[in-house]
Amino acid sequence: MSILQQLRNKLDNRELSALELTQSYLKEIKYKNQALNAFISVNEAQALSIAKRADKIISDKKQALLTGLPIVHKDNLCTDVLTTTCASRILSDYKSPFNATVVEKLASQDMILLGKTNMDEFGMGSSSENSYFGSVKNPYDLSCVPGGSSGGSAAAVAAGLSPFATGSDTGGSVRQPASFCGITGMKPSYGSLSRYGLVAYGSSFDQVGVLAHYAIDCAYLLQAMAGQDEKDGTSVGTSADFFTRTIQQDLSGLSIGIDEALIADLSAKAQSLLQDCLEIYKKQGVRVKSIKLPDLKPAVSSYYILAPAEAATNLARFDGVRYGYRSKKANTLDELYINSRTEGFGREVKRRIVIGNYVLAASQYEAYYHKAQQVRSKLKQDLDQIYREVDMILLPTAATTAPKLGAQTDPVSTYLSDMYTLIANLTGAPAISFPIGMIDHLPFGAQLMSKNFKDHVLLQAVSEFQRKTNFHQPRQLLQGGWA
């Protein structure tokens, strides 16, 4: 039985109150977050108030599926309580006057917001070290990164500070930290969830996602957040069971494609775990077929042209005039703009703004931005062709387990590490990461990707895998006061 189902049953049967549940998680946050640094802000007073209201709703038997269940939100999702900082100095004191649409939808079911989680600044990074509020630590090993950019959300779920979390995924920012922290994380199809209230990084790539231990819990959380939103013109209408329609069905008749040449580049231990994963699927009636994926290196280059270009445009609004950080060392308007942005943005954000403005310059536009869009279109065509042969593609989420804090010093090498995840963002496809074993005491995750708006197939496949395995189940990590 999944965590969502366990908590729902206990709340409905009055074995546990929402207030007791909330107090328990707030206690865990208080004692463990000082080591993890997974939270930027904690919502204690309001969380307890909502919990009391949820208990009243449950006693009146008017509860929804998620009533009284706790959750944490990544700190680039706007909330009308707490700050929305994007882990940046430039927004360190910003308080949104409204909720993001996905936040509002969960709040409408009386979910309990425990707090906002740490991240790479504006979602730019793969380690959650690029934060104005300090690095997040991996609960499996405090000397390792949790992944990024949704590292705070992943660490919080893995360490038992929250049963569920939201994240955002622009190039793998939900899936890669899920892999490094041994949990399940899904980026749904682009457009299936509203982006309204998600502070934009790369608008054609960004997608809200979820992190939990069980795929079935991800499915029900996504279903609660899904649907067309008039405030987001890229959102689309979906059915009431878009994510959950096949969640209880077996896998007979489905097929998975795998590129053996690509897998051969991994370590022997990683290859072995992926092969074991495929064997489990074969026993469940899944047909495994050899495929040839397009060269992923041009996709990486394309992403790191297009995403910074969109970031440069989106972050132009943070100028020290309308809201956010304002430099005190300015005598002219130009100095105000320059100094506010120089002091307010971190190194990685400034690097991507510079790259973005360069590739958008009139003299470089055709050579870089236009060519990158062509590569993106070709990648989508190539993958659509593969999906005519198989239902899903199996990839590693990342080539390795979580690296040590401070180990990623070369930006280009760091960018290349996103090779397996960013293709889903370039094409708008759904993708899900799930744990398949351990390598040297650290979690290792696999990733399934499918055709756009076939999200339910991925959730069905991972849910069935998790019925046969226990890699995803919660673990007691670093007990005894986090010494």
Side-chain angles (χ1 to χ4, degrees), residues 33 37-43 46 72-104 113-125 127-136 148-153 156 165-170 173 194-203 205-208 231-232 307-308 310-330 335-354 356-357:
N33 186 58
N37 198 32
F39 283 79
I40 289 175
S41 56
V42 179
N43 192 35
Q46 196 208 42
V72 295
H73 292 313
K74 187 176 179 180
D75 205 24
N76 60 350
L77 279 168
C78 289
T79 55
D80 60 10
V81 296
L82 307 177
T83 53
T84 299
T85 71
C86 297
S88 178
R89 183 184 187 187
I90 211 158
L91 285 177
S92 57
D93 295 322
Y94 175 67
K95 291 187 177 180
S96 170
F98 65 93
N99 282 330
T101 295
V102 294
V103 170
E104 191 63 36
L113 173 60
L114 297 173
K116 307 285 288 291
T117 54
N118 205 351
M119 55 183 282
D120 284 302
E121 184 181 5
F122 284 100
M124 299 182 196
S127 65
S128 295
E129 294 174 287
N130 303 321
S131 170
Y132 177 63
F133 300 95
S135 301
V136 186
S149 62
S150 306
S153 289
T166 57
S168 65
D169 195 309
T170 306
S173 290
S194 171
R195 291 184 297 110
Y196 178 74
L198 172 66
V199 180
Y201 159 19
S203 301
F205 300 92
D206 297 340
Q207 185 60 75
V208 178
K231 298 172 183 175
D232 176 10
E310 294 184 14
T313 303
N314 282 322
L315 271 61
R317 72 192 70 176
F318 304 113
D319 53 12
V321 174
R322 286 164 285 188
Y323 47 80
Y325 175 81
R326 177 179 292 191
S327 175
K328 297 178 181 178
K329 304 174 185 177
E335 286 180 358
L336 177 64
Y337 288 156
I338 294 168
N339 294 351
S340 295
R341 289 167 67 80
T342 300
E343 297 164 21
F345 289 135
R347 189 173 186 177
E348 182 60 31
V349 172
K350 285 186 275 195
R351 179 185 289 120
R352 297 195 194 193
I353 289 173
V354 170
N357 282 317

Between atom [atom1] of [X] and atom [atom2] of [Y], what is the distance when rounded to the nearest 0.5 Å?
X    : Y    : atom1 : atom2 : value
Y337 : T342 : OH    : OG1   : 14.0 Å
L91  : E121 : CG    : CD    : 9.0 Å
T85  : N76  : OG1   : CG    : 9.0 Å
S194 : Q207 : OG    : CD    : 9.0 Å
I40  : Y132 : CD1   : OH    : 11.5 Å

Is the shortest side-chain heavy-atom distance between [X] and [Y] below 4.5 Å?
X    : Y    : answer
F39  : N33  : yes
T101 : D232 : no
T84  : T79  : yes
M124 : L315 : yes
H73  : V103 : yes

| Can you check whether Y325 and Y94 have ring centres sitting under 6.0 Å from each other? |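 No; Y94 has its ring centre 6.0 Å or more from that of Y325.
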Under 3.5 Å side-chain donor-acceptor pair for [X] and [Y]:
X    : Y    : result
S203 : E310 : no
K74  : S150 : yes
Y201 : R352 : yes
S340 : S327 : no

| Parallel, tilted or perpendicular: which fits the ring planes of F345 and F122, with parallel below 30° and perpendicular above 60°? | perpendicular
| Where do D80 and F98 land on the side chain to side chain contact (heavy atoms under 4.5 Å, CB included) test, with the steps shown first? | CA-CA 5 Å; D80 60 10; F98 65 93; 5.8 Å; no
Might you point out which heavy atoms bring [X] and [Y] nearest each other, and give the distance in Å?
X    : Y    : answer
E335 : K329 : OE1-O, 4.4 Å
A100 : L77  : CB-CD2, 3.9 Å
A87  : D120 : CB-C, 4.4 Å
R89  : G344 : CB-O, 3.5 Å
L114 : V72  : CB-CG1, 3.8 Å
R195 : D206 : CD-O, 3.1 Å

| field | Greater than 12 external heavy atoms within 6.0 Å of R351's CZ | value |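 More than 12 within 6.0 Å, yes.
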| request: Please test D93 against T83 for side chain to side chain contact (heavy atoms under 4.5 Å, CB included), starting from the C-alpha separation and ending with a verdict. | output: CA-CA 6 Å; D93 295 322; T83 53; 5.6 Å; no
| Knowing that exactly one of S96, S168, S88, C86 qualifies, which makes a side-chain contact (heavy atoms from CB on, under 4.5 Å) with V199? |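 Going through the options one by one, the only one that passes is C86.
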| request: Step by step, work out the side chain to side chain contact (heavy atoms under 4.5 Å, CB included) result for R341 and I353. | output: CA-CA 11 Å; R341 289 167 67 80; I353 289 173; 3.8 Å; yes
| message | Strictly distance-based, threshold 3.5 Å: is any side-chain N or O of R322 a donor or acceptor partner for the main-chain N or O of D319? | response |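 No.
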| Of D75, T117, N118, which is the lone residue that meets side chain to side chain donor-acceptor pair (under 3.5 Å) with S153? |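 Testing each of D75, T117, N118 against S153, the sole residue satisfying side chain to side chain donor-acceptor pair (under 3.5 Å) is T117.
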